[in-house]
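Only one structure is covered here, and it is reproduced in the block below.
Ligands are counted one by one from 1 in listed order, and the atoms in each one are counted from 1 as well.
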Amino acid sequence: MSQVDYEIGKARPDQLPPGVPVITFDPYSDEVMSNPYPYYQELREAGPIVWMQKYGTYAVGSYGSVIRVLTDHESFCSSAGVGLTNFHTETPWRKPSIILEVDPPEHSRTRKVFSRILSPRSLNKLRERFEQEAHAMVSRLVSREVCDGVRDLAEAYPLKVFADAVGLPPDGREHLLPYGDMVFNAFGPQNDRFRECLARLGPSIAWITEVCQRENLSKGSFGAELYAAADAGEITHEEAGMLVRTMLSAGLDTTIFTLGNALVCFARHPHQWAIVRDNPAIARQAIEEVLRYDSTFHSYYRTATRPVTLDGVQLDKNQKILVLIASANRDSSHWSSADTFDVRRKPAANLAFGTGIHGCAGQMIARLEAEIVLKALASQVERLEALGEPELHFNNTVRGYSSLPLRLVAKDRKGK
Ligand code: OVM
């Protein structure tokens, strides 16, 4: 191995304390990504904390260990980056996020502004518009013979309603997808997937930078509210632009893949679809189960701020730890029938949105979008028929599909 594999924060395998189980599979390989769950089980069974040989980091994948790491932000920080790249020793591909990749007290200031703008109260105003758009979109698709569930719904919906809510102009939104793909690839290793994505990125970065400027954001939007917070002195104007960037980084791929994963889940589990269709009030809970069963965000890192013991293992300062939230959501010591997709369970406290001070700030708008789309489908669609295998989109951090050929079979309205 080259020198770079052993820099600060990445202990040598031969320096490991005895008794730490070693896993040899590569969580970023196509093979593991095609179906990561058996590998996650192997990892959990190996021990509460394991050594990831290929990357020279620890990893946690059980429910308890994941919570222990995420709720102790003083020992396990975000300011060294929440990807494999250690910002203390390597140069990140873009300026670090001022909300994700920081610790208190800096984090508290930006998070407060963000949380207010994305609070349930402020989101209430969006519900009606979101519902109208979902109903219109679904009824157009139902009237077509076939559609692509990912392109025509999972992508189209957030690209319309969320981008509108942030305040973006209508043209150029196609840049959001390659940009988001890059953001999430960058939380993993600098592998071929990372490099190819960066090489394709071209003009998307410039477009994103441009639309984060105040004059390009519509009145009354989240973007406008961020700049208003700057006028009020809570943050600087430059920080307002950086927080618009966060919304665009974190708010599209995540909800898009969640919607696509939901469509795949329900196409594959028609009885589960029948439960939602016949009782749309369960939609919000059903989305929670989609997030537990096939989590969108699979993993990210924390970094030890000091020598710290985790599950009996002594970690050095600067050590990176992979936190596999998608694995915690399948931990059979926490969930009964963990590998069963069951919309009737109440998967509260699933870790799809993380937990602790960095728990997803956008989770309420993510749930709102998904619930509304699912309810629109429930009111109009009898069955979701997959017309072929969905196409998996490979990304180092988020899991979802790039295509799902689909027929949405209309409900028979006669006699109903
Ligand atoms: C950000 C950012 C990017 C991706 C995800 C995220 C899950 C935040 O730029 O702040 O939160």
Check your understanding: Going by heavy atoms, is Phe297 under 4.0 Å from ligand 1?
Key -> yes
Review point. At what distance is the nearest protein heavy atom to atom 6 (C) of ligand 1, and which residue and atom is it?
Key: Ala250 CB, 3.4 Å
**Study point:** Geometric N/O contact Arg245 with ligand 1, under 3.5 angstrom
**Key:** no
Check your understanding: Should you measure from each heavy atom of Ser97, which atoms of ligand 1 turn up under 4.0 Å away?
Key -> 1 (C), 9 (O), 10 (O)
Point to revise | Near-ring test Tyr401/His393, centroid separation under 6.0 angstrom | key: no
Check your understanding: Should we say atom CD of Glu215 is surrounded by more than 12 heavy atoms from elsewhere, each under 6.0 Å from it?
Key -> yes
Review point. Counting only N and O atoms by type, is there a donor-acceptor contact under 3.5 Å from the side chain of Lys112 to the main-chain atoms of His107?
Key: no
Practice item. Give the atoms of ligand 1, by number and element, whose distance to some non-hydrogen atom of Ser249 is under 4.0 Å. Key: 3 (C), 9 (O)
Exercise for review: Report the part of Val183 (side chain from C-beta onward, or backbone N, CA, C, O) that has a heavy atom under 4.0 Å from ligand 1; answer both or neither where that applies.
Suggested key: side chain
Review point. So which protein heavy atom does atom 2 (C) of ligand 1 come closest to, and at what separation?
Key: Leu100 CD2, 3.8 Å
Check your understanding: Among protein heavy atoms, which lies nearest atom 1 (C) of ligand 1, and at what distance?
Key -> Thr246 OG1, 3.3 Å
**Study point:** Whether over 12 other heavy atoms sit under 6.0 Å from Arg344 CZ
**Key:** no
Review point. Which heavy atom of Asn261 sits nearest a heavy atom of Asp294, and at what distance?
Key: ND2-O, 3.4 Å
Review point. Just wondering, are more than 12 heavy atoms of other shown residues or ligands nearer than 6.0 Å to CZ in Arg116?
Key: yes
**Study point:** Leu177 side, atom CG; Met182 side, atom CE - distance, nearest 0.5 Å
**Key:** 15.0 Å
Check your understanding: Which ligand 1 atoms does Arg94 reach within 4.0 Å, using its non-hydrogen atoms?
Key -> 1 (C), 3 (C), 9 (O)
Practice item. For ligand 1, indicate whether the residue Gln363 contacts it via side chain, backbone, both or neither (heavy-atom separation under 4.0 Å). Key: neither
